[in-house]
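I have placed the structure first, in the form of structure tokens, so that the comments after it can refer back to it.
First listed ligand is number 1; within each ligand, the first listed atom is number 1.
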Amino acid sequence: MEMEHGPWTREQVAQLYHTPLLELMHRAAAVHRQHHAPCQIQVCTLLSIKTGGCPEDCGYCSQSAHHDTGLERQQLLEPGAVVEAAQRAKEAGSTRFCMGAAWRQAREGAEFEQVLEMIRQVAALDLEVCCTLGMLDEGQALRLKEAGLHAYNHNLDTGPRFYDRVVSTRTYEDRLQTLGHVSRAGISVCCGGIVGLGESDEDRIDLLHTLASLPTPPESVPVNALVPIAGTPLGGQPRVSVWEMVRMIAAARILFPRAMVRLSAGRDQLSDEAQALCFLAGANSIFSGEKLLTTPHPGQAKDAQLFALLGLEPRPPHEEQAATTSAMQR
Ligand code: SAM
Ligand code: DTB
Ligand code: SF4
């Protein structure tokens, strides 16, 4: 059995990243099998609880008020509507429910209370609750934890040297600070990035190394392929090749053996064969549904066909999962 790796140096991450692709995939698949049931995929549902009109200028995002993308704005949803969506997601087989808000930072006052209420009610459905609300301070992170939040998604997107080419309204340091507040509050960190922003291999290595150097390793790592959005500065970027996704996923799997590695945005453009390669390389989580936050996604029927074809099954909810894991260790 491969030994658990200590802290990774940047040089080691670079070497890993540049491993010949088939060898990298093989190593990642081996690590995947040591730590996870290889035919199980975590199925998550994503809901946009507040859409558009965001003050940040992220160059990839349909929801930034700085870009004219024609997106219809939507104020914060009522907890009742969110809980209904969560119930439907559970019935459709999701075990994790993630709520996304187009905010620079979590709001104080009535809106924050409303989000806390959503978390309490969704957690009561026995779903793993995750949310992504932009920057948080320490007190907000603690209140989210108290309400029953399992994980907080806050992506670093790319390496620190490329970051200001993509976003100018906040810094990499701001992102790291929020991640610190999240993990100190005892909330699982969900943190990953985007492939296809025009970044170099060096930037991807920087991102992986930064993630591997966080005080607590992320519990889940979303790997997004850029979905180019007309009207955004990155709307003309070419689609990333599946090989770039596979390399990033495999490296993430090896760096974070226990994490859920999520094949996130961009699945709509990936063939069954391409997705199969991503799962072989260690991806073990997806978003289900016909829409991500604002962009089209494959939908449940297509995913059911893919699961049947590949012999994959949805990962059971956490307590049943604990039983599976102990069975694997016997
Ligand atoms: N406003 C919050 C924030 O930025 O943290 C939460 C929502 S934001 C849309 C969540 C993540 O979605 C971003 O950090 C980015 O990684 C990803 N994302 C947004 N637009 C994308 C796109 N067009 N293609 C791929 N990933 C995207
Ligand atoms: C993440 O890393 N990917 C999800 C989730 N976290 C919030 C969001 C992807 C958004 C893709 C573009 C859109 O649908 O607007
Ligand atoms: Fe706002 Fe998040 Fe989109 Fe950036 S990625 S513009 S912070 S919604």
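Contact annotation for His154 and ligand 3: no heavy atom of the residue comes within less than 4.0 Å of the ligand.
Taking the side chain as every heavy atom from C-beta outward, Met260 and Arg315 approach each other to under 4.5 Å.
Salt bridge annotation for Glu199-Arg165: absent, with no cationic side-chain nitrogen under 4.0 angstrom from a carboxylate oxygen. Salt bridge annotation for Arg143-Glu146: absent, with no cationic side-chain nitrogen under 4.0 angstrom from a carboxylate oxygen. Salt bridge absent: Lys90 and Asp126 never bring a charged side-chain N and a carboxylate O closer than 4.0 Å. Ion pairing between Lys302 and Glu290 fails under the 4.0 Å rule for side-chain N and carboxylate O. Looking at Arg170 and Glu56, a side-chain N of the basic residue comes within less than 4.0 Å of a carboxylate O on the acidic one, giving a salt bridge.
Less than 4.0 angstrom separates atom 2 (Fe) of ligand 3 from none of the non-hydrogen atoms of the protein.
Few gaps surround CD on Glu313; more than 12 heavy atoms of other groups in view lie less than 6.0 Å from it. Residue Arg10 qualifies as enclosed at atom CZ: its count of foreign heavy atoms under 6.0 Å is above 12. More than 12 heavy atoms of other residues, nucleotides or ligands shown are found within 6.0 angstrom of CD on Glu91. No more than 12 heavy atoms of other residues, nucleotides or ligands lie within 6.0 Å of CD in Gln300, so this atom counts as exposed by the packing criterion. Within 6.0 Å of the NE2 atom in His66, the count of heavy atoms belonging to other residues, nucleotides or ligands exceeds 12.
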Checklist entry - Should Asn284 and Arg253 be marked as a side-chain contact (heavy atoms from CB on, under 4.5 Å) after you check the CA-CA gap, both sets of side-chain angles, and the distance that decides it? => result CA-CA 9 Å; Asn284 64 346; Arg253 169 51 66 220; 3.2 Å; yes
Checklist entry - Should Glu219 and Arg96 be marked as a salt bridge (Lys or Arg N to Asp or Glu O under 4.0 Å) after you check the CA-CA gap, both sets of side-chain angles, and the distance that decides it? => result CA-CA 13 Å; Glu219 167 256 1; Arg96 183 164 168 128; 3.1 Å; yes
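For Arg107, the salt bridge (charged side-chain N to carboxylate O under 4.0 Å, His left out) test picks out Glu111, with sequence neighbours left out.
Judged by the 6.0 Å distance and 45° axis criteria, Arg262 is positioned over the aromatic ring of Phe287.
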Using a cut-off of under 3.5 Å, which N/O atoms of ligand 2 pair up with protein N/O atoms, and what distance separates each pair?
residue: ligand 2; atom: 2 (O); partner: Asn155; partner atom: ND2; Å: 2.8
residue: ligand 2; atom: 2 (O); partner: Asn224; partner atom: ND2; Å: 2.8
residue: ligand 2; atom: 3 (N); partner: Asn224; partner atom: OD1; Å: 3.0
residue: ligand 2; atom: 6 (N); partner: Asn153; partner atom: OD1; Å: 3.3
residue: ligand 2; atom: 14 (O); partner: Leu293; partner atom: N; Å: 3.0
residue: ligand 2; atom: 14 (O); partner: Thr294; partner atom: N; Å: 2.8
residue: ligand 2; atom: 14 (O); partner: Thr295; partner atom: N; Å: 3.0
residue: ligand 2; atom: 14 (O); partner: Thr295; partner atom: OG1; Å: 2.8
residue: ligand 2; atom: 15 (O); partner: Thr294; partner atom: N; Å: 3.2
residue: ligand 2; atom: 15 (O); partner: Thr294; partner atom: OG1; Å: 2.5

Are any protein N/O atoms closer than 3.5 Å to the N/O atoms of ligand 1? If there are, list each pair with names and the distance to one decimal place.
residue: ligand 1; atom: 1 (N); partner: Ala101; partner atom: O; Å: 3.2
residue: ligand 1; atom: 1 (N); partner: Trp103; partner atom: O; Å: 3.4
residue: ligand 1; atom: 5 (O); partner: Arg175; partner atom: NH2; Å: 2.9
residue: ligand 1; atom: 14 (O); partner: Asp157; partner atom: OD1; Å: 3.4
residue: ligand 1; atom: 16 (O); partner: Asn155; partner atom: ND2; Å: 2.9
residue: ligand 1; atom: 16 (O); partner: Asp157; partner atom: OD1; Å: 2.6
residue: ligand 1; atom: 23 (N); partner: Tyr60; partner atom: O; Å: 3.1
residue: ligand 1; atom: 23 (N); partner: Val227; partner atom: O; Å: 3.0
residue: ligand 1; atom: 24 (N); partner: Val227; partner atom: N; Å: 3.0

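The shortest heavy-atom distance from Arg170 to ligand 3 is under 4.0 Å.
Protein atoms that are N, O or S and lie under 2.8 Å from atom 4 (Fe) of ligand 3 are these: Cys58 SG.
Per-residue contacts place Tyr60 under 4.0 angstrom from the following atoms of ligand 3 (heavy atoms of the residue considered): 5 (S).
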